[in-house]
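Comments concern the structure below.
Residues: numbered from 1 along the sequence shown.
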Amino acid sequence: MQTVAEAWLVYRLTGSSALLGLLGFVSQIPIFLLSPLAGLAADRWPKERVVIATQFSSMLLAFTLATLTLTHRINVREIITLATLLGIVNAFDVPARQSFLIEMVGREDLLNAIALNSSMYNGARVAGPAIAGLLVAWIGEGWCFLLNGVSYLAVIAGLLMMRIEKYQAVHDGASPLEKLREGIRFVRRTMPIRALLLLLGLVSFMALPFAVLMPIFADRILGGGASAYGTLMGAVGVGAMFGALGIALRQQLRGLGNVVAYCAIGLGVSLILFSASRWYWMSWVFLVAVGFTMMMQFTATNTLIQAMVPDQLRGRVMSLYAMMFLGMTPLGSLLAGWIAERIGAPITVAIGGAASVIGGAVFYRKWPAMRAPARELVAAQGMMSPVTPPDISGPRS
């Protein structure tokens with residue numbers, strides 16, 4: 001709700017696609033810059049404490065944004081500042097929260113836990129934008145920010161009630177800088193993980209910035225308003241929720257490599273079709289497909305990486321996942337906002353979709369050479385099925 005209301009507030013105050021791109025940039029660029037440091041923190045400190053600290057900080061920022069907006073003292077500079085601070089908090093939250101999953105559920109349920117975590121997140125993305133669009137139209141953006149702040153009380157309470165086996169971090173005396181290098185070296189030398197992260201970074205940079213241009217599609221192209229904007233963003237959430245549930249129903253890793261490739265291609269095709277649509281309900285359908293393919297790719301990528309990475313490197317590797325997933329998006333958002341000012345939002349989105357199609361096709365061609373090393377990594381982490389050894393990328397074509 002806060003993300004949708006924040007973007008609409010900036011658009012209402014300025015009408016600028018460039019500032020929408022800037023908002024997307026500052027809210028996520030800290031993830032790109034700080035993720036390696038955050039991953040080190042997740043590997044050295046208790047992850048539960050890190051997540052509690054980040055959620056508490058996010059709550060304070062949400063209440064601050066709500067107070068300024070409801071008292072009519074908000075301006076674009078303050079929105080940008082608060083979005084930047086939230087981005088810094090998220091830089092530490094994402095790696096800790098992602099790597100915390102295995103401590104909560106254990107190795108045997110990790111596949112389902114990652115997918116169910118994504119489905120919960122996207123369940124909120126279904127309801128949140130729709131509710132935000134209605135609230136913005138009826139009573140203003142400030143109430144969305146206030147409800148977001150209140151929601152953190154339940155999150156923090158749930159974290160404090162958890163009783164899990166305490167994870168003891170092992171310190172070998174190496175310096176923090178050497179620890180950072182260790183995680184980067186592991187990814188650079190591990191071909192399957194490197195390929196997954198490169199594709200993820202490409203899609204995040206070129207395709208995902210469509211979201212920051214959505215107010216333009218809702219208002220200028222499809223002739224709607226705040227409620228249409230919320231409904232369109234909700235369509236992405238509907239598709240994403242079904243995509244995450246589709247992964248959650250899987251009982252093994254078999255076929256996920258091909259899922260990553262197919263869904264990157266499908267995401268690109270869906271974005272190209274959406275960019276060409278001028279009918280509201282057709283656009284809504286295409287955005288459902290965007291959400292479905294996007295979440296299938298990202299959840300499958302997350303699952304494969306977590307299945308292959310050693311526990312002692314999990315926080316640092318997941319920080320690189322966060323850098324590619326969330327950190328590349330602000331760079332793309334800034335570029336997309338600049339390009340859209342010159343050639344229009346539809347062409348900008350279509351270019352991003354074409355890049356996703358090309359990236360997925362290249363990954364599909366190169367993945368067969370990575371099957372064997374991927375299997376070895378999965379087996380080394382004890383993630384192989386005890387009954388039938390899974391082929392990570394499915395049947396050969």
Side-chain angles (χ1 to χ4, degrees), residues 98 107 110-112 114-115 118 183-208 243-244 246-272 289-290 292-310 313-314 317-318 320-321 323-325 328 352-397:
Q98 290 289 337
R107 203 172 300 276
L110 183 61
L111 171 62
N112 298 100
I114 292 170
S118 296
I184 294 172
R185 279 197 303 267
F186 174 80
V187 171
R188 188 176 67 243
R189 296 172 181 175
T190 308
M191 186 169 56
I193 294 179
R194 185 177 73 238
L196 287 164
L197 289 177
L198 286 175
L199 178 61
L200 182 65
L202 172 68
V203 172
S204 297
F205 180 76
M206 294 299 298
L208 292 198
I247 296 291
L249 293 175
R250 298 178 65 93
Q251 298 299 314
Q252 55 184 355
L253 299 174
R254 184 184 183 90
L256 286 187
N258 284 341
V259 167
V260 170
Y262 296 150
C263 288
I265 296 171
L267 171 60
V269 171
S270 300
L271 283 174
I272 292 171
V290 166
F292 180 83
T293 52
M294 175 185 69
M295 190 49 53
M296 286 284 283
Q297 180 198 343
F298 293 164
T299 305
T301 299
N302 187 331
T303 304
L304 282 171
I305 291 174
Q306 293 234 40
M308 289 187 279
V309 66
L313 292 171
R314 192 172 302 277
V317 173
M318 293 314 295
L320 296 176
Y321 170 87
M323 181 186 292
M324 292 296 102
F325 178 24
M328 293 299 291
S356 183
V357 171
I358 294 170
V362 172
F363 180 87
Y364 178 77
R365 289 189 61 187
K366 293 185 175 296
W367 182 250
M370 293 179 271
R371 286 190 177 108
R375 287 195 197 100
E376 293 174 4
L377 287 165
V378 171
Q381 310 315 317
M383 296 290 291
M384 296 287 273
S385 168
V387 179
T388 304
D391 178 349
I392 290 175
S393 58
R396 296 176 184 270
S397 58

Find out whether [X] and [Y] are in side-chain contact, i.e. whether some heavy atom of one side chain is under 4.5 Å from a heavy atom of the other.
X	Y	answer
Met328	Leu208	no
Ser270	Phe292	no
Leu256	Val260	no
Thr190	Met308	no

Quiz item: With sequence neighbours left out, what residues match Pro373 under side-chain contact (heavy atoms from CB on, under 4.5 Å)?
Solution: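 Expected list: Met191, Pro192.
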
Quiz item: Sequence neighbours excluded, which residues qualify as side-chain contact (heavy atoms from CB on, under 4.5 Å) partners of Ala261?
Solution: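 Ala261 satisfies side-chain contact (heavy atoms from CB on, under 4.5 Å) with Phe363, Tyr364 once adjacent residues are dropped.
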
So how far is it from [X] [atom1] to [Y] [atom2], rounded to the nearest 0.5 Å?
X	Y	atom1	atom2	result
Thr301	Met296	OG1	CE	11.0 Å
Leu267	Met206	CG	CE	12.0 Å
Gln306	Met318	CD	CE	4.0 Å
Arg371	Trp367	CZ	CH2	8.5 Å

Exercise. Search all heavy atoms of Gly360 against all heavy atoms of Ala264 and return the closest pair with its distance.
Key: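 Reported closest heavy-atom pair: CA-CB, 3.8 Å.
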
Which pairs would a plain distance check flag for residues 193-205, meaning a side-chain donor or acceptor within less than 3.5 Å of a matching protein atom at least two apart in sequence or in another chain?
{"from": "Arg194", "atom 1": "NH1", "to": "Arg188", "atom 2": "O", "distance (Å)": "2.5"}
{"from": "Ser204", "atom 1": "OG", "to": "Leu200", "atom 2": "O", "distance (Å)": "2.9"}
{"from": "Ser204", "atom 1": "OG", "to": "Met324", "atom 2": "O", "distance (Å)": "3.0"}
{"from": "Ser204", "atom 1": "OG", "to": "Phe325", "atom 2": "O", "distance (Å)": "3.0"}

